[in-house]
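Both ligands and their constituent atoms are indexed starting at 1 by order of listing.
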Amino acid sequence: MPLRLYNTMSSKIEEFRPLRGSEVRMYACGPTVYDYGHIGNFRTFVAVDLLRRFLLQSGYSVRHVMNITDVDDKIIRNSARDGVSVQQYTEKYERAFLEDSAMIGIEEPFLVRATEHIAAMADFVANLVEKGVAYRAEDGSYYFRIAKFPEYGKLSKRDFSGMLDGARVDVDEYDKDSARDFALWKAPKPGEAFWETKIGPGRPGWHLECSVMSMQELGESFDLHAGGEDLIFPHHENEIAQSESLTGKPFSHFWFHARFLLVEGEKMSKSLGNFFTLRDLILKGHKPSSIRYLLTSVPYRNQLNFTFDGLKQAAVSVERLRSFRLRLTAASLEPGANPLIQSLAAESVDRMRAALEDDLNTAQAQAAIFEMVRQANTAFDGGSLRKEDVAPLLAALSKFDEIFAVLDDNDVSKMKRVLDWACAEGREMEISDELREAVKSEQLSDDNIEAKINEMKTARTARDFKRSDAIRAELADAGILVEITKEGIRWRRK
Ligand code: AMP
Ligand code: ZN
């Protein structure tokens with residue numbers, strides 16, 4: 001079965017097929033780097049990561065581009081307030097974003113930065129003016145004339161037929177119910193950062209950035225464009241208007257939007273005190289793997305209600321999977337194979353695949369792997385598991401983990417980095433006892449290390465060198481050097 005995905009443009013679940021052979025070209029709207037990323041942002045980024053991983057697992061090659069919005073109204077305002085350049089202001093948050101993404105298991109997309117494409121953005125505006133769909137205002141800003149794009153509203157399904165031609169708006173985010181000519185390019189106000197370009201001094205509007213960079217990297221028409229549901233209007237609507245007016249071709253084939261996350265049943269907001277960055281949660285002592293697991297536990301189009309109970313439950317789930325894998329690799333079993341277990345492993349892989357093909361039903365995929373673990377553990381306990389059953393069960397776990405990426409036990413080294421960061425930033429007060437305890441336990445006992453080395457040996461015997469390397473890297477992170485020699489595997493503490 002091919003992958004079926006919901007397409008916001010058609011409001012239907014459709015078969016996903018790339019426009020060009022087996023290559024998927026997808027673009028995700030990235031973060032605006034003016035602060036640390038919060039768990040809502042990561043809900044969306046993890047959903048896109050999951051899609052990317054599943055496409056790769058399905059045999060596609062994936063060109064996944066994401067922008068870093070490193071210039072916008074808030075950035076200009078904050079950098080002016082702090083008396084630093086836009087670049088000085090954003091580089092800290094961009095670095096933090098990339099570290100956080102890696103921490104939560106997001107494979108890095110191909111990154112493009114708005115400030116590195118200013119000339120191309122000015123060209124784009126000039127071309128829109130030439131086509132008669134954009135105009136220059138008295139102050140040197142440029143606007144897109146939405147009356148020239150009759151399909152305006154087709155993504156968000158809004159009817160703008162009664163709107164006022166020429167009414168303008170120059171902020172990036174605006175009232176969702178009003179359609180106005182939007183700013184493509186903003187002339188500088190006194191004290192604001194700007195670039196000198198062929199269309200005059202100024203800076204690009206946010207919507208323009210994504211149109212220019214996505215088409216530059218992926219072509220005029222590409223397969224999929226992603227973001228959180230708040231981007232449907234105006235951001236994506238405006239991207240479509242700009243891009244399709246210029247090229248006369250459909251812009252993105254699929255539109256993929258993740259539903260907004262709630263925290264304890266409410267919209268996340270600083271004033272409600274329920275606003276959490278990824279780092280806030282780690283400072284409280286939660287593991288990155290639990291957070292990733294929780295964020296994937298509800299399919300991307302369903303409302304995910306983030307709760308601390310849910311986070312604890314996610315930690316238990318991850319632990320159960322890890323213990324099961326350890327149990328399999330450490331077991332000494334009788335030779336032979338149990339046909340029931342052999343088919344259980346194969347069916348579980350099929351079930352996971354079918355769930356993900358169904359508009360990325362992550363909850364069902366997780367349920368399938370847990371059912372496998374439950375039945376295999378029962379067979380273990382009853383003595384009916386055989387030596388040859390280990391490989392297919394491990395293979396099913398690996399298939400699961402290619403997508404969910406929570407099995408490698410590398411949480412503590414990541415948590416230590418957050419602890420060190422908090423100390424460096426003078427935020428010691430926010431470090432919980434739980435985090436301190438978790439980091440202290442990083443000192444692996446000799447028994448733990450021996451168990452890992454045995455796991456490495458089993459992996460190498462099964463020629464699973466990827467797994468063996470992952471364990472070796474995990475041990476290296478915990479300060480254990482592993483040497484592989486002809487005589488066997490040796491280890492020592494650094
Ligand atoms: P921003 O940095 O605000 O531009 O947001 C980056 C990404 O996070 C965008 O795709 C947003 O749609 C998404 N996003 C922001 N808040 C949430 C939330 N509460 N739940 C899910 N996605 C969100
Ligand atoms: Zn965008």
Side-chain angles (χ1 to χ4, degrees), residues 8 26-51 64-75 78 90 93-94 96-98 100-101 104 106 109 111-114 117 121 124 155-156 171-173 176 182 184 204-218 222 224-243 251-252 255-270 272 274-278 280 291 294-296 298-306:
T8 310
M26 62 189 239
Y27 182 89
C29 293
T32 307
V33 281
Y34 68 97
D35 206 343
Y36 294 102
H38 58 68
I39 52 174
N41 300 142
F42 285 105
R43 156 70 163 159
T44 293
F45 295 132
V46 165
V48 177
D49 179 65
L50 204 122
L51 168 65
H64 174 194
V65 176
M66 188 174 81
N67 69 305
I68 300 273
T69 298
D70 57 357
V71 54
D72 88 328
D73 295 345
K74 284 187 222 103
I75 291 172
N78 292 3
T90 55
Y93 295 112
E94 177 181 325
F97 171 73
L98 296 178
D100 287 358
S101 297
I104 200 165
I106 292 175
L111 298 173
V112 287
R113 288 171 194 81
H117 295 81
M121 292 176 196
F124 196 103
L155 181 72
S156 55
V171 288
D172 286 333
E173 287 172 82
K176 307 259 176 211
F182 57 88
L184 294 161
W206 171 42
H207 315 303
L208 181 71
E209 298 172 12
C210 285
S211 281
V212 172
M213 294 190 289
S214 60
M215 290 202 286
Q216 179 166 321
E217 296 302 329
L218 300 173
F222 53 90
L224 184 139
H225 197 123
E229 63 175 342
D230 61 320
L231 300 190
I232 297 174
F233 185 85
H235 185 52
H236 289 162
E237 199 73 73
N238 291 353
E239 282 190 46
I240 293 170
Q242 298 159 163
S243 308
F251 178 44
S252 174
W255 288 88
F256 174 100
H257 292 107
R259 184 102 186 256
F260 251 40
L261 157 150
L262 297 181
V263 175
E264 307 279 355
E266 304 210 63
K267 196 169 169 220
M268 187 164 60
S269 85
K270 285 191 178 153
L272 286 177
N274 66 355
F275 180 96
F276 299 108
T277 64
L278 188 63
D280 289 336
I291 304 169
L294 179 59
L295 294 181
T296 58
V298 173
Y300 74 98
R301 280 202 306 127
N302 293 6
Q303 189 119 64
L304 166 64
N305 183 22
F306 180 95

request  = Show which atoms of ligand 1 fall inside a sub-4.0 Å distance from at least one heavy-atom site of P31.
outcome  = 2 (O)
inquiry  = In this structure, does ligand 1 have an atom that sits under 4.0 Å from one of the heavy atoms of H38?
reply    = yes
query = From H207, does some N, O or S atom reach closer than 2.8 Å to the Zn ion (ligand 2)?
reply = no
query = Does even one non-hydrogen atom of Y34 get within less than 4.0 Å of ligand 1?
reply = no
query = Roughly how far, to the nearest 0.5 Å, is the OH atom of Y300 from the CD atom of E229?
reply = 12.0 Å
key: atom 21 (C) of ligand 1 [closest protein heavy-atom partner, distance rounded to 0.1 Å]   = G40 O, 3.0 Å
Validation row: T69, P31 side chains within 4.5 angstrom (heavy atoms) = no
note = In terms of its nearest heavy atom to atom 4 (O) of ligand 1, the top option of D35, T32, N67 is T32
ask   = Are the aromatic ring centres of F97 and F45 under 6.0 angstrom apart?
value = yes
inquiry  = Once you measure the plane-to-plane angle for F306 and F276, does it fall in the parallel (<30°), tilted (30-60°) or perpendicular (>60°) bin?
reply    = tilted
task = Determine, considering heavy atoms only, which of D72, N41, T44 sits nearest to atom 3 (O) of ligand 1.
result = N41
key: Closest H235 atom to the Zn ion (ligand 2) [N, O or S only]   = NE2
request  = Compute the shortest N/O to N/O distance between D230 and ligand 1 and return yes if it is under 3.5 Å, no if not.
outcome  = yes
note = Note: heavy atom closest to atom 20 (N) of ligand 1, options L261, V33, L295, V48, belongs to L261
task = Any atoms of ligand 1 less than 4.0 Å from a non-hydrogen atom of G228? List them with their elements.
result = 10 (O), 12 (O)
query = Who's the nearest protein heavy-atom neighbour of atom 7 (C) of ligand 1, and how far?
reply = F45 CZ, 3.7 Å
key: the Zn ion (ligand 2) contact by C210, N, O or S atom under 2.8 Å   = yes
task = Give the ring-plane orientation class for H236 versus H225, where under 30° counts as parallel, over 60° as perpendicular and anything between as tilted.
result = perpendicular
Where ligand 1 meets G227 - atom numbers and elements under 4.0 angstrom, heavy-atom basis = 10 (O)
L51 side chain reached by H64 side chain, heavy atoms, under 4.5 Å = no
request  = Evaluate the side-chain proximity of V65 to M213: yes if any heavy-atom separation is below 4.5 Å, no if none is.
outcome  = no
ask   = Going by the angle between their ring planes, with limits at 30° and 60°, are H38 and F275 parallel, tilted or perpendicular?
value = perpendicular
ask   = So do the side chains of I39 and V263 get within less than 4.5 Å of each other, counting heavy atoms only?
value = yes
